[in-house]
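Read the structure below first, then the notes.
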Number of protein chains: 2
Amino acid sequence: MSVGIRDVARAAGVSTATVSRALGRGPVSEALRQQVEAAVRATGYRPNLSARRLRSQSTQTIGLIVADIRNPFFTAVSRAVEDAAYAAGMRVILCNTDEDPDREALYLRLMEEERVTGLIFAPTRVTAEAMKAGDLDVPAVLIDRAGPPGAHDSVVLDNVAAAAQLAEHLWAQGYRRIGGLFGATSSTAQERQAGYEGALRRVGAEPLARVAAPNAAAAEAILVEWLAGDDRPDALVLSNGLMLMGAVRAARRLGLAAPGSLGLAGFDNEPWSDLVEPGLTVIEQPVAEIGAQAMALLFDRLKAPDQPVRKVTLSGRLIVRGSSRRA
Amino acid sequence: MSVGIRDVARAAGVSTATVSRALGRGPVSEALRQQVEAAVRATGYRPNLSARRLRSQSTQTIGLIVADIRNPFFTAVSRAVEDAAYAAGMRVILCNTDEDPDREALYLRLMEEERVTGLIFAPTRVTAEAMKAGDLDVPAVLIDRAGPPGAHDSVVLDNVAAAAQLAEHLWAQGYRRIGGLFGATSSTAQERQAGYEGALRRVGAEPLARVAAPNAAAAEAILVEWLAGDDRPDALVLSNGLMLMGAVRAARRLGLAAPGSLGLAGFDNEPWSDLVEPGLTVIEQPVAEIGAQAMALLFDRLKAPDQPVRKVTLSGRLIVRGSSRRA
DNA sequence: GCAACTAATGAAAACGTTTTCACAGATCCT
DNA sequence: AGGATCTGTGAAAACGTTTTCATTAGTTGC
C-alpha cells in the first residue's frame, strides 16, 4: 500500500535504522545519506508522524485554547503563536471554548490525550481560579488572563494601569460622569474594572461600573438602556474591542454620535479603529508580542521544567482619537 | 510512568482487548464495561491518541490551509470548520500560507505526513491551476477558490454574479466612471474582475480595472496614486474586505470622504462595516455556510470516495449602505 | 603489535494502542 | 440431541517508526 521506511531501506540497500538516522540527525556516513535521500525521492516516501510520535514520545504539537478565534485579539495572538510554532517545527491544535468552563475542561482533557508538548491557554475566571501548580500534566502558559500567582507561567497586559490610563484620559478631557462596562467572565475584565475604579477615586470621582457578557450584542443591549436613563454617564470605558463596538452601536442608536456627547475609550486597536468616525480611542495591546512571548516562555519551560514560575507583564499603548474628544 | 491501557486492564481484571472494546464500541458485557469504566476513573487513564492513530490508521484530523487567519473571511470560515470538526470528534490543524505557493507546497506535504483524514484548502491561483484530480492522496475540498473543473470538490461564491451586482448597483446610482481593483493571487479575484467587466460592458461602459496584492496597504498605495490622477474614477469596486479598507483609507487621505465624491462597493460584510461612515456597501458572503458546506462535502467524500466531483456555488447578498450613495 | 577506544551500521525491541484470530460457552434450528 | 451460529473474551500480532544493543571495522595510544 503506502510506502514505509522499510521500502526506503530496501531501495537504498540499508537497514531501517540507517534510514531513520539519515532522515533525523544520527551519525551516518555521507555516502549512505546520499543513497537514502535518493531512495526517499525515488519512492516518494512520507514519514508517518503518528508512528514517529508514538515511538519518540514527543508530539511536537502545541495546544492553543482560546475563547473565540473571531475575537480579533485572539486572532492576532493565534497567528503569532502559529508562526513561532511552525518555525520551530511544531504544529498547533486550536480550540474555541466560547468562555464555557465545561468546554475548557473538555479541551484540557483532549490536550492531555494528544500528549501535546505544551499548552497555551486563555482561561475563564472560573477555570483560572481553580488552577493549581502541577494541576495540568502539560507545561502550560496562560495568556491574557493569569491564574493564581505562582501556579503557571503567564503573559498578560498590565490591565490595571491600562484601564486607569483610559479613565484618567477621559477625566482630563473634562468628562465628569465616567461609566464603565466590563466583561463578566475573565480576570482581565476584573483587573480593568479595578484600574478604572482606582483612577476615578484618585481624582475624587464616583465609579459607575457595570458588568456584561463580553460581546458586542450584550454590551449594546445594556448600554442602550443605561444611556437612555436619567443617570446616564457622559463617557464610557469599555473592557474590550467587542464591547467597544457595542458601545458605538448603542451611541448611534440613541443619537449620541456627535463628538463630545458621549466620550468613548476602550481596549484593542484594530485595523478599522481609526475608520469609525471620529476614530476610537483605545489601548493597543501588543498582540504579536503576546503570542511570541507566550511561545518563548513555553520553550524555556520545556528546556528547564523546574525553573521558577514566570509572569510577563506587557504594557498597552494609549492611542487617542476623536471618540474621547470633548465637544 | 504514565498509566497505559495495560494498567487499566490489570486494575479491572480483564485483558487490554476488553478495555479497548469497552472504551470504543466493541461488544462487551455490561458488567465488564462497568468494571472498566471504574478502573479508568481509578487510574486516571488517558488514551494515547498517537498510538490509537497509528494502530487504527485513522487520524481523525482535518487540515485547514488558508492564506491568513487574520483575514476576517478566513477567520469566520475556520471557526465554522472547527465547530463541525469537533462536533464530529475530529481535530483541526491550521496553516497560514500568506499566499505563498512555496509554503502551500510545504504545508501540503506536511498534511500528507500527518495522514490527515481530509483537507480543506484555499489555494492561490498558481497552485490551484496546477492541481489535477488524484493529485493529493488526501480527500480535499477547495474553498473560496476552485481549481480546474472536475479536479476537486469545492465550495465557492458566485463571484461573477456578485461582482456584476456591485458594478450594476454603482451604475444605477449614477456613477459613470466605475473603476475596479482586484487581487493578484486568487482565481476568485479574477472571476470578480470578469463579472465587473462584463456588467460594465453590458451597460455600455468602459471597464477600468487594476490589479494589486490583496491587502489593505497595497490597495491604499495604488489607489492614492490613481485617485489623484486625471483619469480618476468616480466609483470603485473592490475585490475583498482588506482592499475595501484600503480604499476607504485612500479616499480619506485625498479628501474624498464626502458621500458621492467617490462611490465605494466591495466584498465581505464585517461587524464594523456599518460603523465606518457612511456605511460600506458590500456583498456579504455566507461565511459560516461556506465552512459548514466544506465539511459536509468532505464527510460525503469520505463516505463515498468515488462519487463524482461536486462544486457548491453559494450566492452573496448585496447590502447597500451609504458608501455607494450618490451626492 | 596489541589493547582500548570510536564511528558506523544492522537486528531486534519498544512505543501504546486496535484488531485479528482462536476458543469457550450459550443459543438456536431442525 | 447434535451440529451450526452467535457472543464475549483473551492472547498475540500488527501499526510504522525510533532507539537500544551488539557487532564490525577503523583508529589511536603506548
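Every chain is numbered from 1, with letters handed out A, B, ... down the list of sequences.
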Would you say the base of dT18(D) and the side-chain of R55(A) have a donor-acceptor pair closer than 3.5 Å?
-> yes

Take L136(B) and M111(B), measure what side-chain contact (heavy atoms from CB on, under 4.5 Å) needs, and give me the verdict at the end.
-> CA-CA 10 Å; L136(B) 305 167; M111(B) 291 302 116; over 6 Å; no

Hey, are T59(B) and T117(B) close enough side-chain-wise for a donor-acceptor pair under 3.5 Å?
-> yes

For S20(B), report the nucleic acid contact type (base, sugar-phosphate, nothing); a contact means any heavy atom under 4.0 Å.
-> base

Earlier contact from the 5' end, DNA chain D, for Q57(B) and L32(B) | L32(B)

Rounded distance in Å - CZ (R6(A)) to C1' (dA12(C)) = 11 Å

Between S56(B) and P27(B), the residue closer to the 5' end of DNA chain D by nearest nucleotide is P27(B)

Ring centre gap for F121(A) and Y107(A) strictly below 6.0 Å | no

Starting at atom CG of N48(B), determine the distance to atom C1' of dG16(C), rounded to an integer number of angstrom.
-> 6 Å

OP1, OP2 of dT9(D) versus side-chain N and O of S29(B): anything below 4.0 Å?
-> yes

From CZ of R25(B) across to C1' of dT18(C) the rounded distance in Å is 12 Å

Rounded to the Å, how far apart are R53(B) CZ and dC15(C) P?
-> 20 Å

E113(B) and N48(A): side chain donor to acceptor below 3.5 Å = no

Atom CD of E113(B) to atom P of dG16(D): distance rounded to whole Å?
-> 15 Å

Answer with yes or no whether the side chains of E104(A) and T124(A) bring together a donor and an acceptor at under 3.5 Å.
-> yes

By nearest-heavy-atom nucleotide on DNA chain C, the more 5' of A51(B) and R21(B) is A51(B)

Rounded distance in Å - CZ (R10(B)) to P (dT17(C)) | 12 Å

Whole-Å distance between dT18(C) P and L54(B) CG?
-> 11 Å

Is S15(B) near enough to dT9(D) that one of its side-chain N or O atoms lies under 4.0 angstrom from OP1 or OP2?
-> no

Which nucleotide in the set dT9(C), dG10(C), dT18(D) lies at the smallest distance from any side-chain heavy atom of A17(A)?
-> dG10(C)

Return the value, rounded to whole Å, for the distance between atom CZ of R52(B) and atom C1' of dG16(D).
-> 18 Å

